[in-house]
Amino acid sequence: MADKRVALVIGNGAYTKAPRLPNPPRDAHDVAAALKRIDFDVIRGTDLDRAGMQDAIVRFARAAQSADVGLLYYSGHAMQFKGVNYLMPIDAKLDDEADLYRFTKVDDVLGYLQQAKALKILVLDSCRNNPLAEALKRSIGLTRAASLPRGLARIEAPIGTIISYATQAGQTAVDGKGRNSPYTTAFLKHIEESREIGDIFRDISADVYRATGQTQLPELSLSIVDKFYLKGPASVTANLPPQPTPVDRSVVAPPLPRARSPRAPPRAQEVGPAAGPATALSQPTPVDRSMVAPPLPRARPPRAQEVAPATVMKSAQLVSPCGGSRQTSRGWTRRNRGTPCSHRQRLCNSC
């Protein structure tokens with residue numbers, strides 16, 4: 001999918017000195033709408049005179065400088081002279097060979113089109129019978145009239161370019177009786193399809209050939225290497241979130257088996273040296289519970305009868321308020337076992 005696409009769409013039908021063509025303005029309108037739907041920035045012009053043609057081509061040339069895809073679609077009168085193809089503005093006249101300078105050279109437009117970086121497309125639905133060419137033949141004489149054949153001259157597509165004529169080189173195309181010409185009808189049918197661009201233009205040619213009773217076969221010249229999609233398939237255009245890289249389970253070390261406690265504690269001489277530094281996939285060495293000394297039993301406080309009588313400190317003897325015990329260096333000791341406690345009304349065992 002391209003970042004930037006530009007298109008120049010021109011439909012000339014209101015000629016002042018040549019027969020009017022009803023379809024080209026409608027062709028240009030419909031083609032411009034279709035190209036906008038597939039993300040083209042479109043410069044559209046209908047019934048352009050010489051100044052209008054030059055202005056539209058200059059705008060297109062500037063836009064193509066930064067474009068990835070460039071497309072030129074022209075519908076209207078055109079002609080060739082000495083192997084050079086010309087596009088006709090609506091105010092063109094052709095009294096003699098000098099009037100060809102008032103026309104637009106297809107080679108010049110193709111040169112501007114080549115500024116696009118990725119893909120260039122030139123579509124000319126303009127090989128209609130041109131009465132002005134007959135006037136030019138009379139003015140240049142019979143000896144030079146052979147250089148003015150019908151239709152357009154063949155152009156070899158440069159690298160990365162598709163060139164499509166409405167009919168074969170040197171032949172004329174019909175304008176059609178419907179809203180659009182037979183070529184533009186097929187172009188509108190296929191240009192928005194999610195298919196490769198080369199296949200799209202081949203189908204356009206096949207549709208025109210069948211629609212005209214096998215009398216008009218478009219000229220198609222493709223010189224592209226890669227595959228291009230103006231409207232890519234869903235698998236190409238969908239913006240899917242990145243997926244995590246799957247883990248190859250075969251390269252992950254399996255967990256070490258859980259160590260079992262030995263039945264009997266190992267002897268001192270059986271204890272091996274400490275293990276070396278662990279690697280990235282090593283597991284921590286399991287602790288042998290049998291080698292850890294069991295915790296010491298918690299000391300119990302001695303029973304009352306097991307407590308030795310405290311040594312009486314003669315220097316500091318205090319009598320409890322109840323008179324039933326006294327204070328020694330090792331705490332309070334009973335003085336008179338069974339003596340009633342004056343402030344608690346019970347036998348004083350520990351005042």
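What you see is a predicted model, and the numbers here were worked out from it, not measured in a lab.
- Distance check, rounded to the nearest 0.5 Å: OG1 of Thr46 to CZ of Arg26 gives 12.5 Å.
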Could you give me the CA-CA distance, side-chain angles and deciding distance for Ser126 and His77, then say whether side-chain contact (heavy atoms from CB on, under 4.5 Å) is met?
CA-CA 5 Å; Ser126 55; His77 278 310; over 6 Å; no
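- Salt bridge Arg179/Asp30: present, at least one basic N to carboxylate O contact under 4.0 Å.
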N/O donor-acceptor pairs under 3.5 Å from side chains in residues 214-227, not counting sequence neighbours:
unit_1	atom_1	unit_2	atom_2	d
Thr215	OG1	Thr212	O	2.6
Gln216	OE1	Val174	N	3.2
Gln216	NE2	Ala166	O	2.9
Glu219	OE1	Ala169	N	3.2
Glu219	OE2	Arg154	NE	2.8
Glu219	OE2	Arg154	NH2	3.4
Ser221	OG	Ala157	N	3.3
Ser223	OG	Pro158	O	3.4

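- The distance from the CZ atom of Arg50 to the CG atom of Leu48 is 14.0 Å, given to the nearest 0.5 Å.
- Residues Gln115 and Lys120 fail the side-chain proximity criterion, which asks for heavy atoms closer than 4.5 Å.
- For the pair His190 and Glu193, the minimum side-chain heavy-atom distance is below 4.5 Å.
- Tyr209 and Tyr165 fall into different hydrophobic clusters, where Ile, Leu, Val, Met, Phe, Trp and Tyr side chains are chained together by heavy-atom contacts under 4.5 Å.
- Between Ala92 and Lys17, the shortest heavy-atom contact is O-CB, 3.7 Å.
- The CG atom of Leu35 lies 8.5 Å from the CG atom of Leu188; values are rounded to the nearest 0.5 Å.
- Put simply, the side chain of Val31 does not reach to within 4.5 Å of the side chain of Val123, judged on heavy atoms.
- Here the side chains of Ser75 and Ile10 are not in contact, with every heavy-atom distance at 4.5 Å or above.
- In this structure a side-chain-to-backbone donor-acceptor pair under 3.5 Å is present from Asp99 to Asp95.
- Other residues, nucleotides and ligands place more than 12 heavy atoms under 6.0 Å from the NZ atom of Lys117.
- Counting all heavy atoms, side chain and backbone alike, Tyr74 lies closest to Ala78 at CE2-CB, 4.5 Å.
- The two residues Phe103 and Met88 have their closest heavy-atom pair at CE2-CG, 3.0 Å.
- Checking each of Leu87, Asn85, Val109, Ile163 against Leu124 for a side-chain contact (heavy atoms from CB on, under 4.5 Å) leaves exactly one that passes, namely Leu87.
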Between Phe60 and Leu113, is the side-chain contact (heavy atoms from CB on, under 4.5 Å) condition met? List the steps.
CA-CA 8 Å; Phe60 174 72; Leu113 186 62; 3.5 Å; yes
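- With a 4.5 Å cut-off on side-chain heavy atoms, Asp27 and Tyr73 count as touching.
- Between Ala64 and Val6, the shortest heavy-atom contact is CA-CG2, 4.1 Å.
- Annotation: side chain of Ser164 is not in contact with side chain of Leu122 (no heavy-atom distance under 4.5 Å).
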Pair Leu94-Arg102, side-chain contact (heavy atoms from CB on, under 4.5 Å): steps then yes or no
CA-CA 9 Å; Leu94 198 56; Arg102 306 178 189 273; over 6 Å; no
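- In this structure, the side chains of Thr104 and Ile57 come closer than 4.5 Å at one or more pairs of heavy atoms.
- Here CD1 of Ile159 is found 9.5 Å from CD of Gln114. Values are rounded to the nearest 0.5 Å.
- Rounding to the nearest 0.5 angstrom, the gap separating the CZ atom in Phe228 from the CG atom in Asp68 is 10.0 Å.
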Go through the steps to decide whether Asp125 and Thr184 satisfy the test side-chain hydrogen bond (donor to acceptor under 3.5 Å, both in side chains), and finish with yes or no.
CA-CA 7 Å; Asp125 187 6; Thr184 299; 2.9 Å; yes
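- Minimum interatomic distance between Phe40 and Ala7 (heavy atoms only, all atoms of both residues): CD2-CB, 3.8 Å.
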Under 3.5 Å, which donor-acceptor pairs link side chains of residues 199-206 to any protein atom two or more places apart or in another chain?
unit_1	atom_1	unit_2	atom_2	d
Asp199	OD1	Arg202	NH1	3.1
Arg202	NH1	Gly198	O	3.2
Asp203	OD2	Arg195	NH1	2.4
Asp203	OD2	Arg195	NH2	3.0
Ser205	OG	Phe201	O	3.2

After noting the C-alpha distance and the side-chain angles of Lys189 and Asp207, does the key distance pass the salt bridge (Lys or Arg N to Asp or Glu O under 4.0 Å) rule?
CA-CA 9 Å; Lys189 176 182 176 182; Asp207 281 6; 3.3 Å; yes
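- Contact between Asn12 and Leu21 at its shortest, heavy atoms only, is O-CD1, 4.2 Å.
- Side-chain contact check for Asn23 versus Asn180: every heavy-atom pair is 4.5 Å or farther apart.
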Could you walk me through whether Val106 and Asp108 satisfy the side-chain contact (heavy atoms from CB on, under 4.5 Å) test, starting with their C-alpha distance in whole Å, then the side-chain angles of each, then the deciding distance to 0.1 Å, before giving a yes or no?
CA-CA 5 Å; Val106 174; Asp108 293 341; over 6 Å; no
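- Within a 6.0 Å sphere centred on OH of Tyr112, heavy atoms belonging to other residues, nucleotides or ligands number 12 at most.
- Note that OG1 of Thr161 and CD of Glu156 are 11.5 Å apart. Values are rounded to the nearest 0.5 Å.
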